[in-house]
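Here is the structure we will look at.
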Amino acid sequence: MGKNCINRQILAAIRRIPYGTVSAYGEIAALAGVPGRARLVARILSESEDDGLPWHRVLRSSGQIAFAPGSAQFDEQVRRLQSEGVAVKQGRVKRDRKPLDLDAFLWAPD
DNA sequence: GCGCTGACGCGAT
DNA sequence: CATCGCGCCAGCG
């Protein structure tokens with residue numbers, strides 16, 4: 001029973017990823033209440049029949065597309081991401097980083 | 001039960 | 001960057 005419940009939580013989390021943005025397997029797992037279960041998210045995605053599910057917005061924590069470069073699935077994911085304005089280079093989506101902000105924070109005066 | 005396989009992640013080297 | 005090792009765990013021989 002609980003198993004199916006978690007499954008639904010994961011699918012719900014994926015459906016909440018905003019158009020034109022991306023998330024990661026591990027992030028989805030955490031949002032679904034099962035941190036550390038990235039592989040479960042991947043498995044559920046691979047078996048989901050839901051057509052409207054924005055599976056293409058889920059990437060590795062590195063921003064890399066999980067499929068093998070050149071595979072049909074890889075190409076399809078790139079196509080879908082680009083169609084919603086997400087920049088994909090070398091099979092990867094650059095995630096918003098703010099290294100300068102972190103630097104400023106660490107060096108900020110008391 | 002045992003080993004292997006993943007649409008994974010993270011810290012260490 | 002690239003590699004390793006280890007953690008995680010639902011299926012399928």
Side-chain angles (χ1 to χ4, degrees):
Chain A
M1 198 48 172
K3 173 185 169 189
N4 216 304
C5 182
I6 292 172
N7 189 304
R8 292 190 54 166
Q9 290 278 12
I10 290 176
L11 291 175
I14 294 173
R15 279 189 279 263
R16 279 198 294 277
I17 304 173
Y19 179 97
T21 71
V22 298
S23 185
Y25 299 92
E27 257 176 28
I28 295 301
L31 288 175
V34 286
R37 304 299 308 283
R39 303 193 87 123
L40 177 60
V41 174
R43 183 177 180 64
I44 290 176
L45 268 177
S46 73
E47 302 187 348
S48 173
E49 303 294 328
D50 189 334
D51 298 290
L53 195 68
W55 57 270
H56 56 283
R57 298 182 194 150
V58 187
L59 311 172
R60 287 185 180 155
S61 63
S62 62
Q64 274 278 155
I65 284 178
F67 295 110
S71 65
Q73 311 178 86
F74 175 94
D75 293 338
E76 176 62 11
Q77 185 161 16
V78 172
R79 192 189 71 65
R80 292 196 182 200
L81 286 171
Q82 296 184 325
S83 77
E84 37 185 90
V86 177
V88 184
K89 296 175 184 175
Q90 305 304 130
R92 140 172 306 186
V93 172
K94 284 189 178 179
R95 298 183 303 165
D96 293 351
R97 300 176 183 179
K98 294 183 178 180
L100 296 182
D101 287 18
L102 175 59
D103 189 71
F105 171 73
L106 293 174
W107 283 89
D110 305 288

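Chain letters run A, B, ... following the sequence lines, proteins first, then strands; residues in each count from 1.
Under 4.0 Å is where a charged nitrogen must lie from a carboxylate oxygen, and between A/Arg80 and A/Glu76 at least one such pair does.
In this structure, A/Asp75 atom CG and B/dA7 atom P are separated by 16 Å, rounded to whole Å. If you take CD1 of A/Ile14 and C1' of B/dA7, they are 10 Å apart, rounded to a whole angstrom. Look at CZ on A/Phe67: it is 12 Å from C1' on B/dG6, rounded to the nearest Å. In this structure, A/Ile28 atom CD1 and B/dG9 atom P are separated by 11 Å, rounded to whole Å. Put simply, CD on A/Glu47 is 7 Å from P on C/dG11, counting in whole angstrom units. When the P atom of C/dA10 is taken as reference, atom NZ of A/Lys3 falls 8 Å away, rounded to whole Å. Atoms CD (A/Gln77) and C1' (B/dA7) sit 8 Å apart, rounded to a whole Å. The interatomic distance linking A/Arg39 (CZ) with C/dA10 (C1') rounds to 11 Å, in whole Å.
Among the protein residues, A/Ser46 comes within range of the nucleic acid bases, having at least one heavy atom under 4.0 Å from a base atom. A/Ala24 comes within contact range of the sugar-phosphate backbone alone, with a heavy-atom separation under 4.0 Å but no base atom that close.
C/dG7 and B/dG6 have their C1' atoms separated by 15 Å, with the value rounded to a whole Å.
A 4.5 Å side-chain heavy-atom check between A/Val88 and A/Gln77 finds every atom pair outside the cut-off. Proximity of A/Ile65 to A/Leu59: side-chain heavy atoms (C-beta onward) are separated by under 4.5 Å at one or more points. No side-chain heavy atom of A/Ile44 sits less than 4.5 Å from a side-chain heavy atom of A/Ile14.
In a base pair of the Watson-Crick type (N1 to N3 plus N6-O4 or O6-N4) or a G-U wobble (N1-O2 and O6-N3), with each distance short of 3.5 Å, C/dC8 is matched with no nucleotide.
The side chain of A/Arg92 sits closest to C/dC1 out of B/dC10, C/dC8, C/dC1. The nucleotide whose nearest atom lies closest to any side-chain atom of A/Arg43 is, among B/dA7, B/dG9, C/dG11, C/dG11.
Residue A/Asp50 comes nearest to A/Arg15 through the heavy atom pair OD2-NH1, 2.9 Å, listed as atom of the first residue, atom of the second, then distance.
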